[in-house]
Structures are given as C-alpha cells and as structure tokens.
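See below for the structure under consideration.
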Amino acid sequence: MKTYDVVILGGGASGFMAAGYLAQNSSLKVAIIEGNAKTMQKVKVSGGGRCNFSNVKVDSTHYDGDEAYVSKVLDSFCKDDTLEFFRRRNLKSTIRSDKYYFCKNSADDIMNILKDECSGVTIYLNEKIISVKDGYIVETSKQKLSAKVVIVASGAESFKTLGATSIGLEIAKSFLLSATPFSPALVGLTLQPSQFWMKELSGISLNAKISVGSKVLHEDLLFAHKGISGLVTLSASLYWKKGDLSIDFLPNERVNFNSKKHISTGINLSKRFLKSFLKVCELADKPLNKLDKKESEILLANLHNYTFAPAGTFGLSKAEVCRGGVKTEELSESLESKNNKGLYFIGEVVDVTGELGGYNFQWAFSSAIVCSRNILL
Ligand SMILES: Cc1cc2nc3c(=O)[nH]c(=O)nc-3n(C[C@H](O)[C@H](O)[C@H](O)COP(=O)(O)OP(=O)(O)OC[C@H]3O[C@@H](n4cnc5c(N)ncnc54)[C@H](O)[C@@H]3O)c2cc1C
C-alpha cells in the first residue's frame, strides 16, 4: 500500500490550491485523487470559460453559512490575498461590472497556475474515491492508500456531468459528522401556474431587485422557458428555501404619472413585458395621467413588490453550486474535524455557499489555504 503524508480527495479548485500550498511550503508527500480523466473541470467551464475567481467586495454577508465562521476563514486568506497570489504568478485578470474578477484570457490560465504549484504532487486520475477509514486508509476504485492527513475536497453534487458526487457527505457521515443534505443553489426558479405569464416572455431580460427573507439582491433577471433565471435569480435562489419572494421590476426609476403616454410605452421597461404585466394586474393600457388613485397603487405595488412563491428550482443538473454540506460546528477554525485529528473538509463540501460573482472560488481558495497552513504548523 502506498503511503502519503497528505491525501487530497478531489482535484478541483480547493484541492489544487491546498496541494499547491503544501508542495511549495513543505517536503510533505502529497497525493490528489480525482475521478475524472482531467482535473478542475468546474474551473474550466466557470464564468463562461473565463472563471470569475473573486469579487471586489468579499465578506460573510454574501454567503449562506455561519457568518462568524465564514468571516474568520475569509479574513485569514482574503480576496486581496487571492489577487496577490495570482498576480505574482502573472495571471492577467479583468474586472467586469466593477465587481467581478475574471481571467482576461481563459480559465486555463488559473488551471495552469495551480497545476504548476503542484509539481511534486502525485495526481491519480480516473480513480473513484470509495471510502476513508480510520487511520487513515483511503480506498479508491483502483487501490488503497495510507495517509496521516486526509483533506476532503470533493465538492458538492451539482453538475454530475463534471464529476460531482456526494462522496464528501458519505465520508463525513462515516465519521459521524453532521451535515446538511446538498440542495441546488445558484439556479433558476420554476413557477406556479399563476406566474406562467413570465414564461411567455422567455428571452427578455431586465434589471431587477429580488427580496427573499432579509436579503435583497440586485442584478439582471432573465425570463426563461422553464421559469426565471439571470444573475439576480441565481443569487436569490441561494437564500430561497420555500415560500414567497418578491421582485421589484423597476428598482431604479419612478413612474411619471403626469405623462400622457400609455403605460406600455411610458414606463422604461420592454413593451412586451408591460403588455403581459398589465393583464396580470388586470389594468387597461391607458395614458399614465389618466390612472385613478387605485389603479396607480395597483400598478406600483405590482411593479415594485410582485410577490409570489416559486414552485421549485431548475434542479441539480443546472445548479452552479449546492447549498448544504458538512456543518461548520463540526470543524475547527482550520477546517479540521473537531473529533478526528487530521481529517479536513474544504471548499464546497462544507456548509458554506456563496452568491454568484466569484464568491465560491474565493471560499474554495480561502478554506484550502487556512487548512494547509494548519497542517504545516
Ligand atoms: C457551470 C458552473 C460555473 C461556475 N462558475 C463559477 C464562477 O464563475 N465563480 C465561482 O466562484 N464559482 C463558480 N462555480 C462554482 C465553483 O465551480 C465551485 O464552487 C468550486 O469549483 C468548488 O470547488 P471545490 O474544490 O470545493 O469542488 P470542485 O471544484 O467541484 O472539485 C471537486 C472534485 O472532486 C472530484 N470528485 C467528486 N467526487 C469524487 C469521487 N467520488 N471520486 C473521485 N473524485 C471525485 C470531482 O470530479 C472534482 O474534480 C461554477 C460552477 C459551475 C457548475
């Protein structure tokens, strides 16, 4: 049986960041086990092939998870550290919409940097992780490995086509760690029949705010054949569990009730949207200055606070991430299992999930570095 100091389960963003740190800062014998023929397949497709790897404003308010815990990890390796890490390795990056850090050329640039960091690390490909036993003994579809330290970096369950499995939660369960089941997040939302009018607007997008619980998200909303999607819906889906959410279709403007224009042309929204919307509000398309008080109130209430309960989500196959994972109360501030010394969980397998916009890679990198530093203490 081969023996390693550290075996990392999963060759994705967090696994590679952890392996790279250990390889560059120690002489530990490190191995990564990856089920796919190629590593980092989510990095490859992320951000439309340009990987949105961090955000201008990273803090725990953009994550679903224990805020104090998330803050500690993010503060230990913050977005500036991530930027500096990649800048020193000559990554060409760009900021989009004043918020999102993307690779200027291709996600391959990040993958190549992380692969270079991992020279000296043994990488086993096409090998399914089956179990981890006390000691630690890692069983894969091809062999058994012995390790002093195991880092579970196997991600969550969305996009099975890219290699995702629930093995991380199965391993956690076998060590009696409590976990929240994975469920789709950063995903489009399906509609109840009373909102099917939105499906007919498939292809139209508008700038909107969605309020869900205490969270207010503001970005573009896209009407889709299956329901609603777009950046604002995906981020809202992170906080939506069941029940109502509300949409402000006109967050940046006031309606001019002195205008002689009809509603469908006098409000700065697509005419096709307004025509359908008026039917839903049971209002006639008439000049804005001819609306009585009650009609104006109905119009404003629906435009700024259209409240409904989505039917569900577009599902795991379409979700960028999963909510849920190993509960942070089971882990030390260094991502180590409190009751199992040498067993770590990092990245998306932990019950911390970010909004859309680079937050999830930032979490993957921060948790990987915090864990690796602790291993070298
Ligand atoms: C289409 C898409 C676009 C995205 N875009 C962005 C973006 O632009 N910005 C952002 O911040 N986030 C984005 N994300 C989310 C981001 O990719 C993940 O949050 C991040 O990759 C998590 O890193 P990780 O290392 O925890 O897990 P992963 O990157 O998922 O890595 C886990 C690895 O473990 C392997 N594995 C799993 N089970 C087994 C097993 N049983 N045996 C062997 N190997 C196994 C997997 O094949 C995988 O390689 C996107 C996700 C998707 C699906």
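We count ligands from 1, going down the list as the structure has it; atoms in each ligand are counted the same way.
The nearest heavy-atom contact from the protein to atom 27 (O) of ligand 1 is Gly155 CA, 3.4 Å. In terms of protein heavy-atom proximity, atom 30 (O) of ligand 1 is nearest to Lys42 CD, 3.6 Å. Of all protein heavy atoms, the one lying nearest to atom 50 (C) of ligand 1 is Glu320 OE1, 3.6 Å. The nearest protein atom to atom 15 (C) of ligand 1, hydrogens excluded, is given as Val321 CG1, 3.6 Å; this is a heavy-atom distance. For atom 36 (N) of ligand 1, the closest non-hydrogen atom of the protein is Gly163 O, 3.8 Å. The shortest contact between atom 33 (C) of ligand 1 and any protein heavy atom is with Glu34 OE1, 3.6 Å. Shortest contact from atom 34 (O) of ligand 1 to any protein heavy atom: Gly10 CA, 3.3 Å. At the top of the distance list for atom 38 (N) of ligand 1, counting protein heavy atoms only, stands Thr165 OG1, 2.6 Å.
For ligand 1, the atoms sitting less than 4.0 Å from at least one non-hydrogen atom of Glu127 are 42 (N), 43 (C), numbered in the order shown with element in parentheses. Ligand-side atoms of ligand 1 in range of Ile167: 38 (N), 39 (C), 40 (C), 41 (N), range being under 4.0 angstrom from any heavy atom. Within ligand 1, the atoms closer than 4.0 Å to a non-hydrogen atom of Asn360 are 11 (O), 12 (N), 19 (O), numbered from 1 in the order shown. For ligand 1 and Gly347, the ligand atoms under 4.0 Å from any heavy atom of the residue are 26 (O). Close contacts between ligand 1 and Phe159 involve ligand atoms 1 (C), 53 (C) [criterion: under 4.0 Å to a heavy atom]. Of all atoms in ligand 1, listed by their number and element, those nearer than 4.0 Å to a heavy atom of Asn36 are 47 (O). Each of the following atoms of ligand 1 lies closer than 4.0 Å to a heavy atom of Gly47: 5 (N), 8 (O).
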Please report, to 0.1 Å, the donor-acceptor pairs under 3.5 Å made by any side chain of residues 5-20, with sequence neighbours excluded.
| from | atom 1 | to | atom 2 | distance (Å) |
| --- | --- | --- | --- | --- |
| Asp5 | OD1 | Lys148 | NZ | 2.7 |
| Asp5 | OD2 | Lys29 | N | 2.7 |

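For Asp59 and Lys57, the salt-bridge test passes: some basic side-chain N is under 4.0 Å from an acidic carboxylate O. One finds a salt bridge joining Lys44 and Asp108 here, because a Lys/Arg side-chain nitrogen approaches an Asp/Glu carboxylate oxygen to under 4.0 Å. For the pair Lys275 and Asp285, the salt-bridge criterion is met [side-chain N within less than 4.0 Å of a carboxylate O]. Salt-bridge check for Lys160 with Glu157: passed, with a basic side-chain N closer than 4.0 Å to an acidic carboxylate O. Glu117 has a carboxylate O that lies under 4.0 Å from a charged side-chain N of Arg89, or vice versa, which qualifies the two as a salt bridge.
Considering backbone and side-chain atoms alike, Ala319 places every N or O at 3.5 Å or more from each N or O of ligand 1. Polar contact with ligand 1: present for Ile129 (N/O pair, distance under 3.5 Å). At a 3.5 angstrom cut-off on N or O pairs, Asn52 counts as close to ligand 1. Distances between N or O atoms of Glu348 and those of ligand 1 include at least one value under 3.5 Å.
Neither the backbone nor the side chain of Gln362 has any atom closer than 4.0 Å to an atom of ligand 1 (non-hydrogen atoms only). At a heavy-atom distance under 4.0 Å, only backbone atoms of Ala153 (N, CA, C or O) approach ligand 1.
Between Tyr101 and Phe86, the gap from one ring centroid to the other reaches at least 6.0 Å. Here the two rings, on Tyr306 and Trp197, have centers that are under 6.0 Å apart.
For Asn207 and His218, the side-chain atoms include at least one donor-acceptor pair closer than 3.5 Å.
Taking the ring axis of Phe102 as reference, the NZ or CZ atom of Arg96 stays within 45° of it and closer than 6.0 Å to the ring centre.
Within the model, atoms CG of Leu186 and NZ of Lys318 stand 15.0 Å from one another, a figure rounded to the nearest 0.5 Å.
Nearest residue to atom 21 (O) of ligand 1 from Tyr359, Phe16, Phe361, Phe53 is Phe361 (criterion: closest heavy atom). Considering only non-hydrogen atoms, atom 24 (P) of ligand 1 lies nearest to Ser14 out of Gly12, Ser14, Ser154. Scanning Gly35, Ser141, Ser166, Ser46 for the heavy atom closest to atom 6 (C) of ligand 1 points to Ser46.
Remark: the backbone N or O of Cys78 is paired with a side-chain donor or acceptor of Asp81 at under 3.5 angstrom.
Heavy-atom distances between Gly358 and ligand 1 reach below 4.0 Å in at least one pair. Using 4.0 Å as the threshold, Met40 has no heavy atom nearer than that to any atom of ligand 1.
Sorted by first then second residue, the ring-ring contact (aromatic ring centres under 6.0 Å, His included) pairs that include residues 59-78, not counting sequence neighbours, are His62-Tyr359, Tyr63-Tyr359.
A pairwise comparison of heavy atoms in Glu333 and Val370 identifies O-CG1, 3.5 Å as the closest pair.
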Are Glu295 and Lys290 close enough, and set up right, to give a salt bridge (Lys or Arg N to Asp or Glu O under 4.0 Å), and what steps lead you there? CA-CA 9 Å; Glu295 288 168 329; Lys290 294 275 178 332; over 6 Å; no
